Amino acid sequence: MGSDDWLAFKREEFKRWMEDERRRTGLSRAVAAYTSAKAKALSRLPELEEIRREVRKIKERSIQQMDELVKITMDSVREVKGEAYLARDAEEAREIVSDLTGNGKLVVKSKSLTGDEIGINEALEERGNSVYETDLGEFIIQLRKEKPTHIINPSVHVPREEVAKTFSELLGRPVSSEIPALVGIARDYLREKFCHADVGITGANVVSAKTGTIFIVENEGNARFVSNAPPKHICLTGIEKIVPTLSDAFKVLQVLPPYATGVFMSAYVSMITGPSKTADIEKTIVYGAHGPKELHLVLLDNGRSRMAEDEAFREALYCIRCGGCMYECPVYRIIGGSFGNNYFGGIGLIWSAFTTGDEKVAAAVDACTKCGRCKEVCPLEIDTPRMVERLKQSLVKGGFVQPKHAEIMESILKKGNPFNEDEREDRSRG
Ligand code: SF4
């Protein structure tokens with residue numbers, strides 16, 4: 001590739017992030033809080049050592065039989081009167097979710113990386129829907145029209161003073177930058193949206209195939225509202241989230257919270273198996289009691305099957321999205337944000353390459369120093385540095401060679417040295 005246009009936008013972005021003082025303040029506060037909370041949680045949960053190894057095996061088995069598990073899940077969901085769909089790519093997923101939502105509706109959403117992957121908010125807004133993010137971090141960055149910086153804490157780069165400014169603009173009056181007061185503002189503002197929403201959209205942390213159960217793990221309680229208050233619940237999730245049984249899912253749930261946020265267990269784990277129902281009057285089943293009348297599970301492939309078939313990158317599908325590797329990454333600690341497109345850190349480069357394509361990843365792949373820290377701290381011991389190296393090799397083969405590297409290569413080929421120097425006479429004489 002002759003031009004370095006593909007490099008320019010990411011370079012500019014990284015430069016901007018590095019120079020952003022407030023971003024670095026927010027990040028360093030968050031990294032410090034996370035690191036000590038995780039260390040404390042892990043020291044008090046020695047049994048996790050064994051469980052995380054079991055989870056690795058569960059994920060290996062699940063990815064091996066991913067197609068079969070998709071079929072089982074879809075049957076199980078239908079059996080409990082939900083509906084299930086398999087979207088081959090982002091476009092198909094956008095269409096399914098948009099058709100299910102309709103036009104001009106009020107939509108509340110809980111955090112969903114899969115939703116970001118397919119650009120669901122934009123697609124729904126194009127059809128005249130009003131979409132409200134309800135996770136506090138997502139709500140903050142939605143108001144600020146920014147991109148998330150972390151998979152678990154999307155607004156980790158925004159310090160409290162900036163949140164206060166954003167909320168002051170929202171309410172048209174100055175607000176305090178005390179953190180509890182800021183949380184209270186979001187709570188009051190969003191409560192009314194939950195109650196009047198037509199549709200709630202969530203992701204899922206795990207899905208158990210045999211029972212068709214969707215697991216949603218959270219601390220705020222917003223996903224509970226989103227999946228429970230509106231009459232229609234749409235859950236959009238990747239096919240790699242499926243594990244065979246409930247007990248497999250519970251194993252994943254034990255590992256996720258301590259590694260994600262340094263807690264023993266998240267405040268809320270919702271298990272949803274079918275829409276809300278009652279048979280309290282004459283044993284006649286009626287759907288839509290206090291919870292949603294409709295439950296739709298949209299399973300997304302979008303490159304995941306390709307990843308599963310590729311031995312070099314299959315391991316990326318084992319990721320349970322705890323986000324721990326990001327806080328430990330020396331590059332992430334400085335710049336935050338996504339190295340690739342919607343996914344973060346080194347593992348995000350692999351995910352972005354398979355779900356979004358080469359160009360955006362190619363511009364960011366050199367940000368990885370391959371220090372290996374991400375593998376060391378990963379509960380599933382995912383070898384991200386090895387995969388990043390392989391990705392880099394395949395990008396180079398695809399023509400994504402940095403101009404400086406191309407110069408060196410040319411010099412070696414033409415002049416036998418990387419310095420673009422003509423053969424020196426003294427050297428030829430020995
Ligand atoms: S690669 Fe490992 S540490 Fe990083 S988010 Fe995935 S599971 Fe967590």
Side-chain angles (χ1 to χ4, degrees), residues 30-31 34-35 37-39 41-42 45 48-49 51-60 62-63 111-114 116-117 137 148-154 156 203-206 215 217 237-238 240-243 248-249 251-263 266 304 307-308 312-333 336-355 361 364-365 367-391:
V31 168
Y34 167 80
T35 314
K38 187 182 92 171
L42 295 190
L45 293 169
L48 264 192
E49 272 303 292
I51 302 172
R52 70 179 180 85
R53 291 202 175 92
E54 280 178 59
V55 170
R56 163 99 194 188
K57 291 205 175 84
I58 290 168
K59 292 296 285 183
E60 284 173 2
S62 306
I63 300 304
K111 192 166 52 207
S112 163
L113 270 181
T114 319
D116 295 344
E117 177 186 323
T149 341
H150 188 267
I151 55 178
I152 304 289
N153 307 108
V156 74
N205 297 92
V206 201
F215 288 78
V217 182
T237 193
E240 84 288 359
K241 296 277 176 63
I242 306 174
V243 294
D248 293 328
K251 290 263 159 61
V252 178
L253 292 180
Q254 287 176 74
V255 176
L256 187 56
Y259 279 89
T261 51
V263 294
S266 301
R304 288 160 173 81
M307 221 190 289
F313 296 104
R314 184 181 305 144
E315 217 184 341
L317 291 164
Y318 306 162
C319 175
I320 56 169
R321 306 262 163 83
C322 70
C325 55
M326 288 147 223
Y327 283 136
E328 299 283 351
C329 168
V331 181
Y332 178 88
R333 281 173 174 224
S338 77
F339 299 178
N341 194 17
N342 293 306
Y343 290 99
F344 303 87
I347 190 77
L349 289 169
I350 315 300
W351 271 89
S352 297
F354 276 85
T355 56
V361 180
V365 81
C368 173
T369 62
K370 288 171 222 73
C371 66
R373 187 78 185 124
C374 50
K375 185 185 173 196
E376 269 171 40
V377 298
C378 174
L380 275 75
E381 294 173 25
I382 295 173
D383 195 347
T384 300
R386 176 192 60 78
M387 288 190 285
V388 172
E389 194 52 46
R390 285 296 297 266
L391 178 64

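Atoms within a ligand are numbered from 1 in the order they appear, just like the ligands themselves. Model, not experiment: these values are computed from the prediction.
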One should read off an interatomic distance between Leu380 CG and Glu315 CD, to the nearest 0.5 angstrom, of 9.0 Å

- Query: Quick check: does Cys325 have an N/O/S atom under 2.8 Å of atom 4 (Fe) of ligand 1?
  - Reply: yes

Under 4.0 Å from one or more heavy atoms of Pro379, ligand 1 contributes atoms 3 (S)

Gly323 heavy atoms within 4.0 Å reach ligand 1 at atoms 5 (S), 8 (Fe)

Next item on the list: Please state whether the rings of Tyr327 and Tyr34 are parallel, tilted or perpendicular, taking 30° and 60° as the class boundaries.
Entry: tilted

min-distance protein heavy atom vs atom 7 (S) of ligand 1 -> Ile320 N, 3.5 Å

In this structure, atom 6 (Fe) of ligand 1 is nearest to the protein heavy atom Cys319 SG, 2.4 Å

Between [X] and [Y] (side chain of the first, backbone of the second, donor and acceptor by atom type, cut-off under 3.5 Å), is there such a pair?
X	Y	value
Arg53	Pro379	no
Glu240	Ile63	no
Asp248	Val243	no
Lys241	Phe215	no

Exercise. Is there an N/O/S atom in Cys322 that lies less than 2.8 Å from atom 8 (Fe) of ligand 1?
Worked result: yes

- request: Taking both backbone and side-chain atoms into account, decide whether Cys378 has an N/O/S atom under 2.8 Å from atom 2 (Fe) of ligand 1.
  value: yes

